[in-house]
Amino acid sequence: MNIATVVVDVPAMNTDREYDYLIPEKWSGMIQPGMRVNVPFGPRNVQGFVTDIRDHSDYDSLKAIVEPMDILPVLNQELLLLGEWLTEKTLCFKIQAFQAMLPAAMRAKYEKVFIPRDQQVLEKPELKKIFNQKGEIPWDVGEKLNLLTLLKREVEAGALELLYKVKSKGKKRTVKMIGTALTKEELIQAEKQLMGNSTKQKRVLQYFIDNGPDICIKKQLMQETDAGDSTIKSLLEKEYLFERNVESYRDPYEHHHFEKTTSFPLTEEQTNAILPILDAIEKKQHETFLLYGVTGSGKTEIYLQSIQRVLEQGKEAIVLVPEISLTPQMVRRFKSRFGNDVAALHSGLSVGEKYDEWRKILRKEVKVVVGARSAIFAPFENIGIIIIDEEHETSYKQEENPRYHARDVAIKRGQFYQCPVILGSATPSLESFARAKKQVFSLLTLRKRMNNQALPSVEIVDMREELRSGNRSMFSTKLFEKLQDRIKKKEQTVLLLNRRGHSSFVMCRDCGYVVQCPNCDISLTFHRYSHSMKCHYCGFESRVPNVCPECQSEHIRYFGTGTQKVEEELLKLLPEARVIRMDVDTTSRKGAHEKLLQQFGDGKADILLGTQMIAKGLDFPNITLVGVLSADTTLHIPDFRSSEKTFQLLTQVSGRAGRHELPGEVVIQTYTPEHYSIELAGEQDYDRFYQKEMMVRKLGGYPPFYYVALITVSHDEVMTAASVTEKITKFIRPHLSDKAIILGPVASPIPRINNRYRYQCLIKYKREPKLNETLRKVMEHFATSGKKHIQVAIDVNPYMMM
DNA sequence: TCTTGCCTATTC
DNA sequence: AATAGGCAAGAC
């Protein structure tokens with residue numbers, strides 16, 4: 001058993017397999033599957049994952065592992081298996097699947113440096129200046145100074161050596177602790193022996209005499225005894241005290257205080273819903289539940305009490321929340337109920353903080369994880385429940401490799417641990433609801449709000465009418481009147497600016513010219529903050545032109561309604577209103593999001609104005625009005641899910657109003673009031689929306705009636721991109737049944753990104769056992785062989801059709 | 001004859 | 001992904 005199979009950190013088609021390595025004597029028995037190792041690969045060293053330990057290899061000139069990068073496995077047996085499954089299902093590389101399961105801090109960093117072979121090189125005049133303090137020359141320094149040929153020659157001459165370093169980015173933070181090994185009596189003795197003028201040292205020793213020999217944090221000790229660094233140092237030298245580095249965690253919730261809460265009594269509906277879940281927990285049975293409950297129906301309390309039961313069994317729980325930094329209220333609820341048993345993993349944390357939270361999970365110091373998408377890979381080994389809140393959210397689908405959906409991973413893990421999976425939503429995805437109707441999932445329904453408060457009344461305002469009657473502002477008469485009314489009554493309003501897919505662009509008023517990105521076929525987005533235009537796909541940036549490049553007109557300016565513009569108009573029309581604006585600009589700073597919400601919750605503003613990010617999770621008693629400024633912007637993006645997304649967004653945001661004693665009202669402004677997704681969102685009628693949308697999907701041949709796989713090919717030249725896509729289409733056809741529909745090749749909705757032309761091919765199918773195998777072959781064939789620079793991206797069950 | 005660029009195979 | 005080796009076209 002001295003051979004390890006290793007998946008190396010080289011994401012490419014031809015290296016997507018296991019390589020065998022010898023385990024050096026000194027680490028035999030210590031190296032285990034799931035550990036990261038540093039291995040030689042070709043001429044360099046890379047990071048790799050040990051997948052298995054064997055006693056024999058078919059390959060006879062094995063290299064040895066350089067060193068292990070972990071003391072204990074970072075992936076357990078189940079996660080290794082899960083990685084294999086991910087690789088197969090999402091058609092990614094093995095290494096990508098493993099990387100996705102770990103925090104970013106654990107991705108290896110590579111460094112190349114030239115080191116001297118002998119001391120004489122250090123004196124060479126042409127090199128002398130560029131050696132750094134460590135006596136090394138980093139590769140990129142050599143590159144910058146154009147000295148690579150010279151340096152390489154020195155390597156060949158044997159004067160220098162090129163060293164490949166593999167570094168783990170994750171740094172554990174430590175604190176210095178001070179303690180004493182002496183007994184109380186010995187300490188008193190020691191104190192007497194000190195010189196009379198060493199008052200500070202005496203005080204420190206006195207501290208230990210008073211508080212016992214306990215170890216304490218150096219910083220605190222210094223503060224409490226008013227001692228300096230040198231005082232402690234001399235005591236250490238006299239060996240009265242000892243110093244030790246102890247690993248510490250960065251605690252993102254350090255300054256928060258969580259009021260302990262206990263279970264609330266459940267309503268009858270909630271009790272009916274929780275019983276089947278508790279039953280599955282009790283029976284240790286896997287079952288997927290779809291918890292369909294209107295906004296404010298108390299889904300969270302069901303989650304909390306289910307988790308409670310799981311914890312009583314000594315098991316662990318994973319809770320997924322969409323982009324958790326957006327719902328600090330949610331984390332607070334879990335921390336309040338389960339205290340220090342909770343780890344939170346979300347995008348608001350720094351890389352280091354995420355790493356710390358993750359290590360708490362690995363060491364079983366917590367029992368509950370609340371996190372965004374990637375938290376589904378939490379390295380627990382005894383999972384008792386997995387909960388996905390707002391299961392319809394598209395952020396659960398990863399848009400890079402591995403292109404997984406957290407829902408699928410959750411069910412896979414739930415099967416492994418024989419535990420229930422709960423998908424909660426007020427507006428379930430059509431896929432999930434259809435599965436519930438077919439009894440693949442068990443449907444649990446909450447129709448009433450917790451306090452029996454009625455759902456808010458919704459009014460839809462036709463903005464075309466407003467325009468006809470001469471109102472050219474962005475607020476309809478109705479919305480404006482209600483806004484004034486709320487301010488008078490000191491109640492709060494939430495205003496949603498729906499602007500996904502409709503960001504501000506720069507257009508000439510005279511000739512209609514819109515400024516496009518030179519590298520991509522998409523218009524540039526206007527950024528007021530820097531007064532520049534940016535491309536969201538390739539990063540291109542340029543100044544706003546003063547005259548139109550087409551017709552030289554000076555009437556060129558930005559269009560599209562941004563939150564700033566709405567804010568300006570609000571302040572003009574309602575100068576007494578206090579407005580909090582939430583968008584990318586105001587929430588980019590760490591913790592800004594939470595702070596703004598806190599301010600709003602404390603009643604420091606009358607109006608909360610924002611984009612999509614305010615639609616979820618807000619729960620403030622004083623909100624009695626919700627206004628949607630333009631409901632239909634999401635409707636016009638080329639995506640078969642656009643109606644569903646519009647309906648969900650409108651329903652979610654409407655649910656923010658009147659959650660407590662005060663009744664709520666909602667005003668939805670739109671240019672297409674007759675569209676069913678807007679009309680039915682107005683009636684808060686999910687069931688009718690479901691039926692209507694299912695008809696549309698059936699006619700169009702879209703999910704949940706068909707599965708979809710999307711192949712996107714890109715290349716520098718249009719012709720190559722088109723012809724390769726054509727070839728792929730022809731290649732796939734004979735491998736699939738007659739029932740599969742292959743659409744394409746067609747140009748992608750964004751035909752060019754970063755000067756690469758994009759063509760795509762869409763496969764619709766119901767049951768194709770050989771599909772994944774065929775798609776693998778496509779990758780092997782077309783992504784590598786000969787034709788360079790061809791990129792083939794395959795997305796099974798895509799959420800972004802662009 | 002010696003460089004350069006480009007393609008291909010290889011990496012345990 | 002990164003490299004070495006092979007080959008052919010250009011530089012002197």
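Quick note on labels: first sequence line is chain A, next is B, and so on, each numbered from 1. Since the model is a prediction, treat every value here as computed from it, not as a measurement.
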Hey, can you pull the donor-acceptor pairs under 3.5 Å for the side chains in residues 741-748 of chain A, sequence neighbours left out?
from   : atom 1 : to     : atom 2 : distance (Å)
A/S748 : OG     : A/Q760 : OE1    : 3.3

If I take atom CG in residue A/L62 and atom C1' in nucleotide B/dT11, what distance separates them, rounded to the nearest angstrom? 13 Å

Nearest-Å distance, CG (A/D60) to P (B/dT11)? 12 Å

In whole Å, what is the span from the CZ atom of A/R107 to the P atom of C/dA1? 14 Å

For nucleotides 3-5 of chain C, give me every protein contact, N/O to N/O, under 3.5 Å, one pair per line with atom names.
from  : atom 1 : to     : atom 2 : distance (Å)
C/dT3 : OP1    : A/K112 : NZ     : 3.2

Taking the six-membered ring of A/Y417 (Phe, Tyr or Trp), confirm whether the NZ or CZ of A/R413 is under 6.0 Å from its centre and within 45° of its axis. no

For A/S723, enumerate each residue passing the side-chain contact (heavy atoms from CB on, under 4.5 Å) test, keeping only those at least two apart in sequence or located in another chain. none

Gap between atoms NZ and P, on A/K63 and B/dT11 respectively (whole Å): 9 Å

With side-chain hydrogen bond (donor to acceptor under 3.5 Å, both in side chains) as the rule and sequence neighbours excluded, what pairs involving residues 63-77 of chain A come up? A/R36-A/D70

For A/K770, all residues meeting salt bridge (Lys or Arg N to Asp or Glu O under 4.0 Å), sequence neighbours excluded: none

Assess the pair A/F41 and A/Y19: is the distance between their ring centroids shorter than 6.0 Å? yes

Pull out every residue in residues 90-97 of chain A that has a heavy atom closer than 4.0 Å to any atom of DNA chain B, ordered by number, or say none. none

Output yes when at least one side-chain N/O atom of A/Y59 is less than 4.0 Å from OP1 or OP2 of B/dT11, else no. yes

To the nearest Å, give me how far apart CG (A/D16) and C1' (B/dT11) are. 14 Å

Rounding to an integer number of Å, can you tell me how far A/N401 CG sits from C/dA1 P? 12 Å

In whole Å, I'd like the distance from the CD atom of A/Q99 to the P atom of C/dA1. 13 Å

Between A/Y21 and B/dC12, is there a contact of a side-chain N or O with OP1 or OP2 at under 4.0 Å? yes

Base, sugar-phosphate or nothing for A/F41? Non-hydrogen atoms, less than 4.0 Å. base

Once you round it to whole Å, what is the distance between P of B/dC12 and CG of A/N14? 14 Å

Return each pair, listed once, that meets salt bridge (charged side-chain N to carboxylate O under 4.0 Å, His left out) where at least one residue sits in residues 41-60 of chain A; pairs must be two or more places apart or across chains. A/D52-A/R54

Pairs involving residues 68-107 of chain A, ordered by first then second residue, that meet ring pair (Phe, Tyr, Trp, His ring centres under 6.0 Å) (sequence neighbours left out): A/F49-A/F98

Which donor-acceptor pairs under 3.5 Å do side chains of residues 792-801 of chain A form with protein atoms, sequence neighbours excluded?
from   : atom 1 : to     : atom 2 : distance (Å)
A/D795 : OD1    : A/K397 : NZ     : 2.7
A/D795 : OD2    : A/K397 : NZ     : 3.2

